[in-house]
Amino acid sequence: MKFIVSSSALLKQLTQINGAITTNPIVPVLENFLFEIDGEAGTLTITASDLQTSMITVMDVEAKESGNIAVPAKILLDTLKNLPEQPVTFSIEEETYSIELNSENGRYKLAGENATDFPQPAALENSQSVTFSSDALSRAINNTIFAVSNDDLRPSMTGVYMSIGEEGATMVATDGHRLVRYKRDDINAGYSEAIIIPKKSLTLLRSTLPSEDIDVKIEFNDSNAHFEFGGMRLICRLIDEKFPDYENVIPLSNDNLVELSRLDLLSTLKRIAIYANKTTNQVRLSITGSQIQVSAEDLEFSNEATESLTCNHDGQDIEIGFNAKLLIEMLNNLENETITVKLSQPNKAALIIPSEIEDNEDILTLIMPVMLNSYHA
């Protein structure tokens, strides 16, 4: 069995789906790409998988015969990365699973494996579907994925919760210290359903979504989800857990309002955090009138720093502490010039709301404070 393909076109497709392959997989054949050649249609379907997430792409090739083979991923990628653009001929010996690549000046032999050993992605039954624009989906992922928990003891929080209803779509991520809720009102599914999508699957999806705005069809049931766009499919196993009741965590009475420049606060925090204790990353915000004093200290090394910022403040003076690392990450993931910080008590959650938002979307971020020590800068 033979087929001919452009080396650079093949490399591009393999690079897009290679992230699904994990090192030392449970099933050794998953160190390979699955190649499925359709001689009649002149197409090559390539699958990469780690059992939890599978990525599938289809490309045109020159082929007269049909067949399949599992091809070692690393050696093939390394070979293609070092070949200039040219047609490459794959010759496959179906009885021994031997693969030979022929380029303009070289011949490369590698050992494939039986394609029937490659696990097939789960088929979807009793599924629902919804369509996102790739731009809307990309924004939803970017605004939530950073707040996902890495704690395997709380599996429900190791993914992004997606709730789809007649009034739009809501995506939520939390690690117990912070929470992000991202809403869109331009997604209308005509039904109500909720799923939890693993972080790895969303990371892979984000990296393969095209720069041009196209439709992404999402089809899902209780256990799996399929994302399909532009000749690419991502199939993932969903997290079968109950997501925390996040709505009860969001305070409704935070009426101590502080409006200020996001970038000014971000750059101040980055400098002040250098002087914070490396274990707690604690920074103190002392808000008095239209001034915010941002300070940190590390008693062990006698380091301390203080800066002042101006703000628009409507409410009581307050002193509150935060983990600088988490706060910096949250501010980095917002895009707006101005933010409003909504506070109530030094031991209650703070809300950070963008002052201006894009059409059809609503973003709310929440961060828990940390207990302040007795030090005053």
Side-chain angles (χ1 to χ4, degrees), residues 1-23 25 27-50 53-121 123 134 204-205 207-212 214 216-217 226-235:
M1 180 176 67
K2 286 186 179 182
F3 68 91
I4 302 169
V5 64
S6 151
S7 60
S8 58
L10 179 58
L11 177 61
K12 183 182 177 185
Q13 298 295 323
L14 296 180
T15 304
Q16 281 196 306
I17 67 171
N18 183 51
I21 295 177
T22 186
T23 50
V27 183
V29 74
L30 293 177
E31 290 182 320
N32 297 264
F33 292 114
L34 174 63
F35 277 23
E36 297 173 287
I37 304 103
D38 185 334
E40 194 175 321
T43 59
L44 169 63
T45 301
I46 312 166
T47 303
S49 178
D50 67 356
T53 305
S54 299
M55 296 188 75
I56 303 166
T57 184
V58 181
M59 63 182 298
D60 293 330
V61 296
E62 238 179 87
K64 292 179 180 173
E65 303 164 87
S66 297
N68 51 34
I69 184 91
V71 186
K74 187 176 187 312
I75 192 168
L76 178 59
L77 276 169
D78 288 347
T79 304
L80 292 171
K81 283 174 186 173
N82 290 288
L83 275 179
E85 156 57 20
Q86 59 189 284
V88 176
T89 303
F90 282 72
S91 303
I92 296 154
E93 182 55 61
E94 293 177 71
E95 288 182 9
T96 61
Y97 313 118
S98 172
I99 306 161
E100 186 175 296
L101 276 70
N102 285 283
S103 66
E104 288 172 3
N105 303 310
R107 184 172 68 90
Y108 317 92
K109 287 191 78 170
L110 56 157
E113 291 188 49
N114 191 341
T116 57
D117 296 334
F118 201 96
Q120 289 298 311
S134 57
L204 290 170
L205 182 62
S207 68
T208 49
L209 285 171
S211 52
E212 70 272 16
I214 63 170
V216 180
K217 183 183 179 185
H226 288 203
F227 299 81
E228 194 167 342
F229 55 96
M232 178 80 67
R233 272 190 299 153
L234 185 147
I235 300 167

Query - Shortest non-hydrogen contact between Gly230 and Ile214, atoms and distance - result: N-CD1, 4.0 Å
Query - Separation of Leu76 CG from Tyr108 OH (nearest 0.5 Å) - result: 12.0 Å
**Report entry** salt bridge (charged side-chain N to carboxylate O under 4.0 Å, His left out) contacts in which one or both residues fall within residues 98-114, not counting sequence neighbours
**Finding:** Glu100-Arg107
**Report entry** side-chain hydrogen bond (donor to acceptor under 3.5 Å, both in side chains) partners of Thr79, counting only residues at least two apart
**Finding:** none
Report summary line: Sequence neighbours excluded, the answer for side chain to side chain contact (heavy atoms under 4.5 Å, CB included) partners of Thr53 is Asp50, Ser201, Leu204, Leu234, Cys236
Report task. Name all residues meeting the side-chain hydrogen bond (donor to acceptor under 3.5 Å, both in side chains) criterion together with Glu228; count only those two or more places apart in sequence or in a different chain, and write none if there are none. Result -> none
Report task. Please say whether more than 12 non-hydrogen atoms of neighbouring residues, nucleotides or ligands are located less than 6.0 Å from CD1 in Ile75. Result -> no
Report summary line: To the nearest 0.5 Å, atom CG of Leu110 lies from atom CD1 of Ile99 at 4.5 Å
Report task. Please check if the side chain of Ser103 supplies one atom and the backbone of Gly106 the other of a donor-acceptor pair under 3.5 Å. Result -> yes
Report task. Taking side chain to side chain contact (heavy atoms under 4.5 Å, CB included) as the test, write out the residues that go with Ser207, two or more places apart. Result -> none
**Report entry** side-chain contact (heavy atoms from CB on, under 4.5 Å) evaluation trace for Leu34 with Gln120
**Finding:** CA-CA 10 Å; Leu34 174 63; Gln120 289 298 311; 3.9 Å; yes
Query - Rounded distance (nearest 0.5 Å) linking atom OG1 of Thr89 with atom CG of Leu101 - result: 8.5 Å
Report summary line: Between Ala48 and Ala20 the two heavy atoms that sit nearest each other are O-CB, 3.7 Å
Report summary line: Residue pairs passing the salt bridge (charged side-chain N to carboxylate O under 4.0 Å, His left out) test with at least one member in residues 60-77, sequence neighbours excluded, are Lys74-Asp78
Requested in this report: Please collect all salt bridge (charged side-chain N to carboxylate O under 4.0 Å, His left out) contacts where either partner lies in residues 36-48, sequence neighbours excluded, each pair once.
Outcome: none
Query raised in the report: Quick check: does any side chain N or O of Thr45 sit under 3.5 Å from a backbone N or O of Val58, one acting as donor and the other as acceptor?
Result: no
Report summary line: Output for pair (Phe90 CZ, Leu10 CG), nearest 0.5 Å, gives 5.0 Å
Requested in this report: Could you pull out all residues at least two apart from Thr47 that satisfy side-chain hydrogen bond (donor to acceptor under 3.5 Å, both in side chains)?
Outcome: none
Query raised in the report: Who passes side chain to side chain contact (heavy atoms under 4.5 Å, CB included) against Gln16, sequence neighbours left out?
Result: Gln13, Thr208, Met232
Query raised in the report: Say you draw a straight line from CD1 of Ile69 to OG1 of Thr116; how long is it, rounded to the nearest 0.5 Å?
Result: 10.0 Å
Query raised in the report: Going through the distances and angles, do Ile21 and Asn18 end up as a side-chain contact (heavy atoms from CB on, under 4.5 Å)?
Result: CA-CA 6 Å; Ile21 295 177; Asn18 183 51; 3.9 Å; yes
**Report entry** Non-neighbouring partners of Phe227 that pass ring-ring contact (aromatic ring centres under 6.0 Å, His included), sequence neighbours left out
**Finding:** none
Report summary line: One should read off an interatomic distance between Asn32 CG and Ser49 OG, to the nearest 0.5 angstrom, of 11.5 Å
Query - Asn68 side chain reached by Phe35 side chain, heavy atoms, under 4.5 Å - result: no
Report task. Give a yes or no answer on whether the side chain of Ser7 reaches the backbone of Gln86 with a donor-acceptor pair at less than 3.5 Å. Result -> yes
**Report entry** Residue list, side-chain hydrogen bond (donor to acceptor under 3.5 Å, both in side chains) with Glu85, at least two apart or on another chain
**Finding:** Ser6, Ser8
Query raised in the report: Would you say Ser134's side chain and Val216's backbone share a donor-acceptor pair under 3.5 angstrom?
Result: no
**Report entry** Residue pair Leu30 / Phe118, side-chain heavy-atom distance below 4.5 Å
**Finding:** yes
Report task. Using the test side chain to side chain contact (heavy atoms under 4.5 Å, CB included), find all partners of Thr23 that sit at least two apart in sequence or belong to another chain. Result -> none
